[in-house]
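This is a predicted model, so every value here is computed, not measured. The chains referred to below are lettered A, B, ... by the order of the sequence lines, with proteins before strands, and numbering in each begins at 1. We use all heavy atoms of the structure for the numbers below, so side chains are in, but hydrogens, waters and symmetry mates are not.
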There are 2 protein chains.
Amino acid sequence: MTEECLCGLHNKLAKKVKAKMLDDDILFDIAEVFKIFGDSTRMKIIYALKLSELCVLDLAYITGSTQSAISHQLRILKQASLVKSRKDGKVVFYSLKDEHVIKLFEIGREHVEEL
Amino acid sequence: MTEECLCGLHNKLAKKVKAKMLDDDILFDIAEVFKIFGDSTRMKIIYALKLSELCVLDLAYITGSTQSAISHQLRILKQASLVKSRKDGKVVFYSLKDEHVIKLFEIGREHVEEL
DNA sequence: CTTACATATGAATATGTGTTCATATTTGAA
DNA sequence: TTCAAATATGAACACATATTCATATGTAAG
């Protein structure tokens, strides 16, 4: 932990950068958001919901996963404020919560397509 | 797997959406990129490199991790084409590879700060 | 050539996580 | 009320992964 590069040249720079770093808590929270996107099942769900509001079984059909797996993932997505839900009788419809979700997806897609 | 919602209303919609879905491979690759961002150590590295080009030991000092841990993570970041490296004698300097990395970080940060 | 520094790497460990399976809950219909 | 459909949930399992520790590699200096 906290080893220091001995070349005096870097020590000053490193201390400057360390002073400008965001709080660990904030960087941790940002990483947590990306972690949610970092699963192919959740990514499928997000892309499907980008196309339309959908219920759980339809999402399971579209993604090729089980109802249970999708339900678990939807709970995670909802806790992370990435999707919202609307109940209509027995059916629960899910949709994306805001524009950030779409923006993040689009930039991620751009990055992948440029490799 | 591939269960279908029995309410005939949804079946048509679900099939439409399924037809419009991106290939699994692409969605998988996008998820892989986000997975790289979804770790607080790597997020610290990315933010530090956003401020300045840095060598391994300086990154270890700045992030409060060991040299070994940082070296392992830098390898992952490099394989994902998120950082590049430049060798100068014994020292290896790392920096961000392109603008997408910064864009993704900024939008992730925006999302977190609006919660 | 020997030493010291910066980095990389492999194995082991511990921890986190996604899926499955069984089952509970909720709601509408018969 | 009884049944079936849609969803949610908990436990168990399998798998991935981040860190640590020891050590190897490469490089410059003495």
Shortest side-chain distance from A/Q73, nucleotide among D/dT19, D/dT7, C/dG18: C/dG18
Are any of the side-chain heavy atoms of B/F37 and B/M43 separated by less than 4.5 Å? yes
Among the candidates D/dT7, D/dA18, D/dT19, find the nucleotide nearest to the side-chain atoms of A/V92. D/dT7
Rounded off to whole Å, could you give me the CD1-to-C1' distance for the B/I45 and C/dT7 pair? 14 Å
Per B/S71 side chain, nearest of listed nucleotides C/dT19, C/dT7, D/dT19: C/dT7
Gap between atoms CG and P, on B/L59 and D/dT19 respectively (whole Å): 13 Å
Axis-to-axis angle across the helix from C/dC1-D/dG30 to C/dA30-D/dT1, five pairs each end, nearest 10 degrees, ~ 10°
Integer-rounded Å distance: D/dA18 P and B/L74 CG: 13 Å
Of the candidate nucleotides C/dT7, C/dT19, D/dT19, which contains the atom at the shortest distance from the side chain of B/A69? D/dT19
Nearest to the side chain of B/T66 - D/dA8, C/dT7, D/dT20? D/dT20
Mind checking if B/F93 touches a base, just sugar-phosphate, or nothing, with heavy atoms under 4.0 Å? nothing
Using whole Å, report how far NZ of A/K35 lies from P of D/dT17. 12 Å
Contact under 4.0 Å: A/Y94 side-chain N or O vs D/dA8 OP1/OP2: yes
Are more than 12 heavy atoms, taken from residues, nucleotides or ligands other than A/E99, located less than 6.0 Å from that residue's CD atom? no
Nearest-Å distance for atom pair CZ/C1', residues B/R75 and C/dA8: 9 Å
Assign a letter to each nucleotide of nucleotides 22-27 of chain D from its 5' end: B, base within under 4.0 Å of a protein heavy atom; S, sugar-phosphate only; -, no contact. B---SB
Tell me whether the ring of B/H72 lies stacked over the D/dT19 base, given a 5.5 Å limit on centroids and a 30° limit on the plane angle. no
Which atom names give the shortest non-hydrogen contact between B/G38 and A/K35, and what distance separates them? O-CE, 3.0 Å
Please state how far atom CD1 in B/I36 lies from atom P in D/dT17, giving the value in whole angstrom units. 9 Å
Could you check whether atom CD of B/Q79 has more than 12 heavy atoms from other residues, nucleotides or ligands sitting under 6.0 Å from it? yes
Within the structure shown, what part of the strands sits under 4.0 Å from B/I76 by heavy-atom distance: base, sugar-phosphate, or nothing? sugar-phosphate
Would you mind reading off the distance between A/I70 atom CD1 and D/dT9 atom P, rounded to a whole angstrom? 15 Å
Spacing of A/D88 atom CG relative to C/dG28 atom P, expressed in whole Å: 9 Å
Residues forming a side-chain contact (heavy atoms from CB on, under 4.5 Å) with A/D98, sequence neighbours excluded: A/H100, A/V101, B/H111
Short N-O contact, B/K50 and B/E106, less than 4.0 angstrom: yes
